[in-house]
Amino acid sequence: MDGRAVAPAAGTVLNALATGRGAAFAIDLETTATVELTDDGTVSGEIAEEPDADAALIERAAELTLERHAEDAGLEHATVGARIHTESEVPMASGLKSSSAAANATVLATLDALEVGDAIDRVDACLLGVQAARDAGVTVTGAFDDASASMLGGVTVTDNASDELVAREEIDWSALVYTPPEQSFSADADVSACERIAPMANLVEELALEGRYGEAMTVNGFAFCGALEFSPAPMVDALPAVEGVSLSGTGPSYVAVGDEDVLEDVRTEWNQRAGTTRLLQTRNDGTKTV
């Protein structure tokens, strides 16, 4: 049996590194996972864009899903295995939640292959991917904020310490993404520096819970550029015309939201910098089987 699913990337409203509470929103860059079930009990994964990359995250996501749900499909967990293949539009280590998208797509594709996906709550499915990220050591924030935005769509606010979904709202924004050429791995972030800006993160959370997402993003961006030693200059390029702009995750990408015409002007500014810009839309449908 085969399964296939796509999961969107996400941009940051609140980085969870400071307080354990985070917020993010889905954008229309996709990761696709295809899962083929086997009867040899082994799980193996491959990443199309990076054939030599570590596939531990997607393998663990499939393993956890099989452990939890193989018997729901009438299969013997000890003998069922999986081959996973992912391909992605989301640049790796760019702050755009590529790991969360890969884990979500893998979990939903595995459930699709088991033919039990419709019976599984989406938050429960999301938490399987979050656990896989923790087991694989690819997150220092707990990942639920990013993963929930990718799985559910819209903007989500979460408490990553308790895996609580605090709020979710559908949104309709244009989003401009600027990705410099370097990579930045979230597991390498200076957590202690981020914890020192907890008062600013608390302010960002307050703004987000009031629905003032653009302002929240911008405060988050300046605070975490300082803590993580990224330049705020791309943010200044976008202000004051955009509704919000932030460093996304632990960088190096920046995301601005606002009217498409305004973002086109910002794109002209950002195109003068080394790297790639993409004009996208937000997503409210989240991860889905295809």
Side-chain angles (χ1 to χ4, degrees), residues 7-27 57 60-61 64-65 67-69 95-97 99-108 111 117 119-171 186-187 189 191 194-195 197-217 219-220 223-224 244 246 248-250 282-288:
T12 295
V13 174
L14 168 61
N15 189 319
L17 277 173
T19 65
R21 294 170 77 91
F25 59 95
I27 55 177
L57 171 63
R60 186 59 179 150
L64 287 171
T65 307
E67 287 173 12
R68 188 76 56 85
H69 296 292
L96 298 175
K97 330 304 183 188
S99 294
S100 290
N104 281 343
T106 299
V107 168
L108 222 59
L111 291 171
I120 307 304
D121 179 81
R122 283 294 185 266
V123 172
D124 290 340
C126 178
L127 288 171
L128 287 172
V130 168
Q131 187 60 54
R134 294 168 180 169
D135 291 350
V138 298
T139 178
V140 290
T141 65
F144 188 43
D145 51 338
D146 304 336
S148 63
S150 173
M151 179 64 80
L152 304 176
V155 59
T156 61
V157 182
T158 65
D159 185 331
N160 289 3
S162 61
D163 289 335
E164 177 190 0
L165 180 64
V166 178
R168 176 184 177 270
E169 184 177 347
E170 294 195 355
I171 52 173
S186 59
V191 177
C194 294
E195 290 173 341
I197 60 169
M200 298 307 297
N202 289 332
L203 173 59
V204 175
E205 181 184 352
E206 291 176 13
L207 291 169
L209 290 174
E210 292 172 4
R212 298 163 65 183
Y213 303 116
E215 294 168 80
M217 285 177 67
V219 176
N220 178 86
F224 279 91
S246 183
S248 193
T250 56
T282 51
R283 287 273 295 273
N284 289 314
D285 56 349
T287 305
K288 57 188 179 182

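Since we're looking at a predicted model, the values are computed, not measured.
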Pair Arg283 + Glu170, salt bridge at N-O below 4.0 Å: no
Separation between CG of Leu127 and CG of Leu165, rounded to the nearest 0.5 Å: 9.5 Å
Check: Thr250 and Phe224 side chains under 4.5 Å, non-hydrogen atoms: no
Ile120/His69 under side chain to side chain contact (heavy atoms under 4.5 Å, CB included): CA gap, chis, key distance, verdict: CA-CA 9 Å; Ile120 307 304; His69 296 292; 3.3 Å; yes
Atom pair CD1/CD1 of Ile27 and Ile171 - distance to nearest 0.5 Å: 10.0 Å
For Gly249 against Thr12, the heavy-atom pair lying closest together: N-OG1, 2.7 Å
Beyond-backbone contact of Asn104 with Leu108, side-chain heavy atoms, under 4.5 angstrom: no
Residue pairs fulfilling salt bridge (Lys or Arg N to Asp or Glu O under 4.0 Å) with at least one residue in residues 9-23, sequence neighbours excluded: Arg21-Asp159, Arg21-Glu205
Point-to-point distance, once rounded to the nearest 0.5 Å, from CG of Leu128 to CE of Met151: 8.0 Å
Flag side-chain contact, heavy atom, 4.5 Å: Lys97 against Ser248: yes
Which atom of Ala216 lies closest to which atom of Val204, heavy atoms considered: O-CG1, 3.5 Å
Set of side-chain contact (heavy atoms from CB on, under 4.5 Å) partners for Ala198, sequence neighbours left out: Thr19
Verdict with supporting geometry, Leu14 and Asp145, side chain to side chain contact (heavy atoms under 4.5 Å, CB included): CA-CA 9 Å; Leu14 168 61; Asp145 51 338; over 6 Å; no
Closest non-hydrogen atom pair between Ser100 and Asp146, with its separation: OG-CB, 3.5 Å
Audit row: Phe25, Thr156, side chain to side chain contact (heavy atoms under 4.5 Å, CB included) steps and yes/no: CA-CA 6 Å; Phe25 59 95; Thr156 61; over 6 Å; no
Asp285 side chain to Gly153 backbone, donor-acceptor under 3.5 Å: no
Minimum-distance pair of heavy atoms, taken over all atoms of Leu96 and Ala9: O-CB, 3.2 Å
Chi angles and distances behind the side-chain hydrogen bond (donor to acceptor under 3.5 Å, both in side chains) call for Gln131, Asp135: CA-CA 6 Å; Gln131 187 60 54; Asp135 291 350; 2.8 Å; yes
From CA spacing to verdict: side chain to side chain contact (heavy atoms under 4.5 Å, CB included), Thr287, Arg122: CA-CA 9 Å; Thr287 305; Arg122 283 294 185 266; 5.9 Å; no
Close side-chain approach of Asn220 to Asn15, heavy-atom, < 4.5 Å: yes
Heavy-atom side-chain proximity of Val219 to Met200 below 4.5 angstrom: yes
Closest approach of Ile197 to Ala223 (non-hydrogen atoms, all atoms of both residues): CD1-O, 3.5 Å
Nearest heavy atoms of Cys194 and Ala18, plus distance in Å: O-CB, 3.3 Å
Test item: Ser150 side-chain N/O and Pro8 main-chain N/O as donor-acceptor pair under 3.5 Å: yes
Donor-acceptor contact below 3.5 Å, side chain Ser148 vs main chain Thr158: no
Test item: Thr65 side-chain N/O and Ala61 main-chain N/O as donor-acceptor pair under 3.5 Å: yes
